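Below: one structure, written as structure tokens.
Everything quoted here is computed from the prediction, not taken from an experiment.
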Amino acid sequence: MRVAVLLVLLGLAPAAALAGTPNPSGPLKAYKGPEGQVVVMILVGDDKQMLVHFRGLGGELEARTLLYNVEDLGHDSKTVYENRKRGSKTIRWNVLTERDGDWQFYHPTKPGTGFWLGYSESASSKFKIEDVLNAYKP
């Protein structure tokens with residue numbers, strides 16, 4: 001712990017990384033759904049995880065940032081998922097899938113609810129990485 005504090009004081013390690021907040025490794029990108037929903041994505045760490053921020057979905061996801069796992073499937077395809085316990089089994093719950101630059105969203109708390117997302121430059125410019133990081137509560 002002393003070494004971590006010293007590294008932060010010397011400016012050699014970002015304080016956010018030591019406090020449990022992931023470090024962004026990619027740009028912020030915002031995508032819009034068919035009814036104005038906004039899903040903001042930022043790759044973090046070694047690109048094996050992604051912070052996802054939700055707007056316009058209502059309920060418990062509204063204005064929240066969650067951390068998900070990322071699997072690169074190759075050929076411009078990715079899956080963003082979380083592992084959930086169901087009894088003694090662990091199941092993989094896909095939240096987002098990318099195919100050729102297009103994303104499909106699967107609502108993590110409402111099974112059967114999903115829609116396509118399109119990249120929005122205007123929405124991307126409205127969000128700041130710091131705001132998305134501040135909405136993340138590990």
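For the residue pair Thr113/His107, the side-chain donor-acceptor check at 3.5 Å is not satisfied.
Here the side chains of Arg55 and Leu57 are not in contact, with every heavy-atom distance at 4.5 Å or above. You'll find the side chain of Pro24 reaches within 4.5 Å of the side chain of Leu133, heavy atoms only. Within the 4.5 Å cutoff, side-chain heavy atoms of Leu67 are placed close to those of Pro22. Contact annotation: the side chain of Asn69 never approaches that of Val80 to less than 4.5 Å [non-hydrogen atoms, C-beta and beyond]. Counting only heavy atoms from C-beta outward, the side chains of Val39 and Trp103 never approach each other to under 4.5 Å. Contact annotation: the side chain of Arg64 never approaches that of Tyr136 to less than 4.5 Å [non-hydrogen atoms, C-beta and beyond].
Aromatic ring orientation, Phe105 versus Phe115: tilted (interplanar angle from 30° to 60°).
Remark: Tyr81 pairs with no residue by the ring-ring contact (aromatic ring centres under 6.0 Å, His included) rule, at least two apart or across chains. Every residue two or more places apart in sequence or in another chain that forms a salt bridge (charged side-chain N to carboxylate O under 4.0 Å, His left out) with Arg84 is listed here: Glu82.
Under a hydrophobic clustering in which Ile, Leu, Val, Met, Phe, Trp and Tyr are joined whenever their side-chain heavy atoms come within less than 4.5 Å, directly or via other members, Ile42 and Tyr31 fall into different clusters. There is no path of hydrophobic side-chain contacts, each under 4.5 Å, that joins Tyr119 to Val38. Cluster annotation: Phe54 and Val70 are assigned to the same hydrophobic cluster (Ile/Leu/Val/Met/Phe/Trp/Tyr, side-chain heavy-atom contacts under 4.5 Å, transitive). One hydrophobic cluster, built from ILVMFWY side chains closer than 4.5 Å, cannot hold both Val132 and Leu66; they sit in different ones. Residues Leu43 and Leu96 share a hydrophobic cluster, clusters being chains of Ile/Leu/Val/Met/Phe/Trp/Tyr side chains in contact below 4.5 Å.
Here the closest heavy-atom approach between residue Glu62 and residue Gly56 is recorded as OE1-N, 2.9 Å. Between Asn94 and Tyr106, the closest heavy-atom pair is O-CB, 3.5 Å. Summarising the geometry of Pro108 relative to Tyr68, their closest heavy-atom pair is CG-OH, 3.9 Å, with the distance given to 0.1 Å. Here the shortest heavy-atom pairing between Ala30 and Ser124 reads N-OG, 2.8 Å. Between Met50 and Met41, the shortest heavy-atom contact is SD-CB, 3.6 Å. Considering all non-hydrogen atoms of both residues, Ser25 and Gly45 come closest at CB-O, 3.2 Å.
The CG atom of Asp46 sits 11.5 Å away from the CG atom of Asn23 when rounded to the nearest 0.5 Å. Taken to the nearest 0.5 Å, the CG atom of Asp76 stands 5.5 Å off from the CG atom of Asp100. Atom CG of residue Asp102 and atom CD of residue Gln104 lie 10.0 Å apart, to the nearest 0.5 angstrom. A distance of 8.5 Å separates CG of Leu61 from NZ of Lys110, quoted to the nearest 0.5 Å.
In terms of modelled atom types and a separation under 3.5 Å, the side chain of Asn134 and the main chain of Glu130 share a donor-acceptor contact. A donor-acceptor pair is defined here as one N or O able to donate and one able to accept, closer than 3.5 Å; no such pair exists between the side chain of Thr79 and the backbone of Glu71. A donor-acceptor pair is defined here as one N or O able to donate and one able to accept, closer than 3.5 Å; no such pair exists between the side chain of Lys29 and the backbone of Gly26.
Salt bridge annotation for Lys126-Glu121: absent, with no cationic side-chain nitrogen under 4.0 angstrom from a carboxylate oxygen.
When the shell of 6.0 Å around NZ of Lys89 is examined, it contains 12 or fewer heavy atoms from other residues, nucleotides or ligands.
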Worked verdict on Val95 versus Val52 for side chain to side chain contact (heavy atoms under 4.5 Å, CB included): CA-CA 10 Å; Val95 177; Val52 181; 5.6 Å; no
